[in-house]
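Data first, discussion second: the structure below is written as structure tokens.
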Amino acid sequence: MGDKQVACNTSSEWKPESKYDFDPITGDDEIVTVDLGGTPIQCLKKGDALQHIVKMARIIPDYRKHIPSIRNMEMDDDDVIICAFAKSGTHWLWEITSMLRNGKPDYHGKEKTSAMFEFVPAEVLRASPKPRIYNTHFTPQGLPKQVFDRNCKILFLQRNPKDVLVSLLPFLKGHKFLDSAIKWDEFICKYMELEVESSLLNWFYYTRQWFEFLNEGHDNIYCLAYEDLKDDPVMEITKLAKFLDVGENSDLFKDIAIKCSFHNLKQAATSKVETFTINNKEAAKKITNFTYRKGEVGDWKNYFTIGVNEKFDALYAKKMKGIDFKYRYSL
Ligand code: A3P
């Protein structure tokens with residue numbers, strides 16, 4: 001961005017908790033403007049990870065230092081990493097995986113953000129008790145390099161992009177990434193023009209990155225789909241248990257499916273507000289409400305008009321050319 005100075009007011013806006021330093025923006029930093037409706041947003045870009053200069057500065061660690069430290073973080077053979085685009089059911093899979101690895105249908109004591117590469121300093125992640133189940137919305141280029149030298153298992157979770165986008169708008173508004181006044185029609189039109197290579201925002205980019213990576217033929221990666229989990233949770237949990245090598249236990253798998261149903265998990269999540277990485281109970285309660293919004297397959301039909309749907313399908317065909325994967329859009 002040359003010598004241009006970017007206003008970086010980190011002191012006057014929404015602050016659930018400003019606990020990290022955020023160094024001044026310099027001419028060496030890459031700044032991108034994201035326009036998804038309302039006021040365009042200026043973000044710091046580190047690799048393909050974006051940090052909203054105002055709303056996410058100081059709430060999460062400064063990505064200029066944080067991402068290199070995550071890349072260089074030590075990993076253990078028995079660490080598991082859940083990788084998913086935002087709104088694909090990451091919370092759900094994280095609880096299921098935690099129950100499977102603990103051999104008990106008890107909810108994880110903490111909120112999922114406490115184990116996220118995006119939010120938590122590497123030394124804190126490393127100090128967390130085993131079994132460690134990290135989670136992230138980063139693409140493979142944001143993962144710790146040691147993931148690939150060790151025996152770590154990766155769970156790659158996908159969800160159909162139409163339901164993801166319906167879920168993404170309240171998520172972005174709720175986190176104040178976007179203005180609360182932005183309407184779905186405006187958002188989806190702008191979204192279909194989004195070009196920035198962002199792991200957090202750009203589903204097409206994120207998914208292509210992952211498929212290209214999978215095509216390289218890495219070991220220890222297990223792929224799941226939100227819709228399959230919704231359709232037959234016990235079967236999907238049974239298959240996952242096999243991959244995780246936790247032993248056959250059909251009673252436990254049934255219990256986990258029940259404990260992790262949408263309504264049960266939402267209820268359990270409300271008691272975890274204390275354990276969010278942000279130390280602000282009101283904000284944490286709101287986040288829980290839009291994180292567990294509806295939990296359905298096919299809600300997109302209530303939002304996509306025929307015209308938008310046709311445009312989206314054409315865009316999908318263009319952007320995902322050569323990717324041979326069939327998403328389920330209804331059950
Ligand atoms: P909706 O907004 O469509 O309801 P993530 O955890 O990656 O942020 O994904 C959140 C999405 O997963 C939300 O989708 C949420 O409701 C859904 N979800 C969470 N737990 C679920 C469950 N137990 N069953 C079905 N969907 C669930």
Side-chain angles (χ1 to χ4, degrees), residues 81-100 105 107-108 110-119 133-139 155-175 177-178 184 187-188 191 199-201 203 206-207 210 223-237 240 253-272 275-278 284-304 327-331:
I81 306 133
I82 296 176
C83 300
F85 189 78
K87 315 324 290 169
S88 300
T90 329
H91 286 75
W92 188 14
L93 184 58
W94 188 70
E95 288 286 354
I96 291 172
T97 308
S98 162
M99 291 182 186
L100 281 174
Y107 297 110
H108 194 292
K110 290 193 166 179
E111 210 284 328
K112 176 190 83 73
T113 49
S114 65
M116 248 183 128
F117 289 151
E118 282 83 339
F119 290 148
I133 306 159
Y134 298 126
N135 69 95
T136 184
H137 303 316
F138 286 157
T139 57
L155 310 182
F156 177 52
L157 173 66
Q158 295 204 76
R159 185 182 190 187
N160 84 64
K162 296 179 187 176
D163 279 326
V164 164
L165 294 185
V166 167
S167 183
L168 190 65
L169 178 59
F171 166 83
L172 294 176
K173 287 199 222 180
H175 281 290
F177 199 96
L178 294 181
W184 164 257
F187 169 75
I188 190 66
Y191 194 91
S199 54
L200 176 71
L201 297 176
W203 184 90
Y206 173 96
T207 307
W210 268 99
C223 299
L224 307 93
Y226 176 101
E227 294 77 14
D228 296 342
L229 210 45
K230 186 86 190 166
D231 194 12
D232 192 341
V234 176
M235 187 169 86
E236 291 305 307
I237 291 168
L240 175 60
F253 302 161
K254 281 183 208 150
D255 287 347
I256 293 177
I258 293 167
K259 285 298 255 319
C260 291
S261 72
F262 176 77
H263 291 289
N264 288 341
L265 210 50
K266 182 168 187 169
Q267 179 110 40
T270 54
S271 63
K272 290 193 189 189
T275 66
F276 268 79
T277 48
I278 51 162
K285 265 189 213 157
K286 282 187 195 149
I287 292 171
T288 302
N289 274 331
F290 62 74
T291 298
Y292 295 89
R293 192 188 59 93
K294 212 161 180 182
E296 297 290 346
V297 177
D299 191 32
W300 63 271
K301 291 174 193 162
N302 298 314
Y303 292 82
F304 280 64
Y327 293 93
R328 296 172 77 185
Y329 290 91
S330 54
L331 290 183

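For ligands, and for the atoms within them, numbers begin at 1 and follow the listed sequence. Since this is a predicted model, take the numbers as computed values, not measurements.
Nearest heavy atoms, Ala269 versus Tyr292: CB-CE1, 3.5 Å. Taking all atoms of both residues into account, the shortest heavy-atom contact from Thr90 to Ala84 is OG1-CB, 3.8 Å.
With contacts defined as side-chain heavy-atom distances shorter than 4.5 Å, the pair Val166/Arg293 qualifies. Asn264 has its side chain within reach of Tyr107: a pair of non-hydrogen atoms, C-beta onward, lies under 4.5 Å apart. In this structure, the side chains of Tyr191 and Leu169 stay at 4.5 Å or more apart for every pair of heavy atoms.
Which parts of ligand 1 touch Tyr292 is read off a 4.0 Å heavy-atom cut-off, strictly below it: atoms 16 (O), 19 (C), 20 (N). Contact atoms of ligand 1 toward Arg159: 1 (P), 3 (O), 11 (C), 14 (O) (distance under 4.0 Å to a heavy atom of the residue). Close approach of ligand 1 to Phe262 is summarised as follows: ligand atoms under 4.0 Å from at least one heavy atom of the residue are 16 (O), 21 (C), 22 (C), 23 (N), 24 (N), 27 (C). Listed by atom number, the atoms of ligand 1 under 4.0 Å from His91 heavy atoms are 5 (P), 6 (O), 8 (O).
The SG atom of Cys260 sits 11.0 Å away from atom CH2 of Trp94, with the distance rounded to the nearest 0.5 Å. The distance from the CG atom of Leu172 to the CG atom of Leu201 is 6.0 Å, given to the nearest 0.5 Å. To the nearest 0.5 Å, the span separating OH on Tyr303 from CG on Leu165 amounts to 12.5 Å.
At least one N/O-N/O distance between Gly295 and ligand 1 falls below 3.5 Å. Taking any N or O of Lys87, backbone or side chain, at least one lies under 3.5 Å from an N or O belonging to ligand 1. Residue His137 has no N or O atom closer than 3.5 Å to an N or O atom of ligand 1. Of the polar atoms of Leu265, none of the N or O atoms is found under 3.5 Å from an N or O of ligand 1, judged by distance alone. For Lys112, no nitrogen or oxygen atom sits less than 3.5 Å from a nitrogen or oxygen atom of ligand 1, counting backbone and side chain alike. Ligand 1 has no N or O atom lying under 3.5 Å from any N or O atom of Ala86, backbone or side chain. Note: an N/O pair closer than 3.5 Å links Arg293 and ligand 1 by distance alone.
When Pro233, Ala84, Gly89 are ranked by how near their heavy atoms come to atom 9 (O) of ligand 1, first place goes to Gly89.
The proximity of Thr90 to ligand 1, defined as any non-hydrogen pair under 4.0 Å, involves the side chain as well as the backbone. Under 4.0 Å from ligand 1, the heavy atoms of Tyr226 that appear belong solely to its side chain. The part of Cys260 lying near ligand 1 is the backbone, judged by heavy-atom distances below 4.0 Å. Counting heavy atoms under 4.0 Å from ligand 1, residue Ser261 touches it through the backbone alone.
Side-chain atoms of Gln158 and Tyr327 include a donor-acceptor pair closer than 3.5 Å.
Not less than 6.0 angstrom separates the ring centroid of His137 from the ring centroid of Tyr206.
By the 6.0 Å contact criterion, NZ on Lys286 is open, its count of non-hydrogen atoms from other residues, nucleotides or ligands being 12 or less. Atom NZ of Lys266 has more than 12 neighbouring heavy atoms from other residues, nucleotides or ligands inside a 6.0 Å radius.
Ligand 1 lies less than 4.0 angstrom from a heavy atom belonging to Thr291. The closest approach between any non-hydrogen atom of Ser88 and ligand 1 is below 4.0 Å. Ligand 1 has no atom lying under 4.0 Å from any heavy atom of Asp299.
A cation-pi contact links Lys162 to Tyr329, judged by a cut-off of 6.0 Å to the six-membered ring centre and 45° from its axis.
The single protein non-hydrogen atom nearest to atom 2 (O) of ligand 1 is Ser167 OG, 2.5 Å, given as residue, atom name and distance. Ranking the protein heavy atoms by distance from atom 22 (C) of ligand 1 puts Trp92 CD2, 3.4 Å first.
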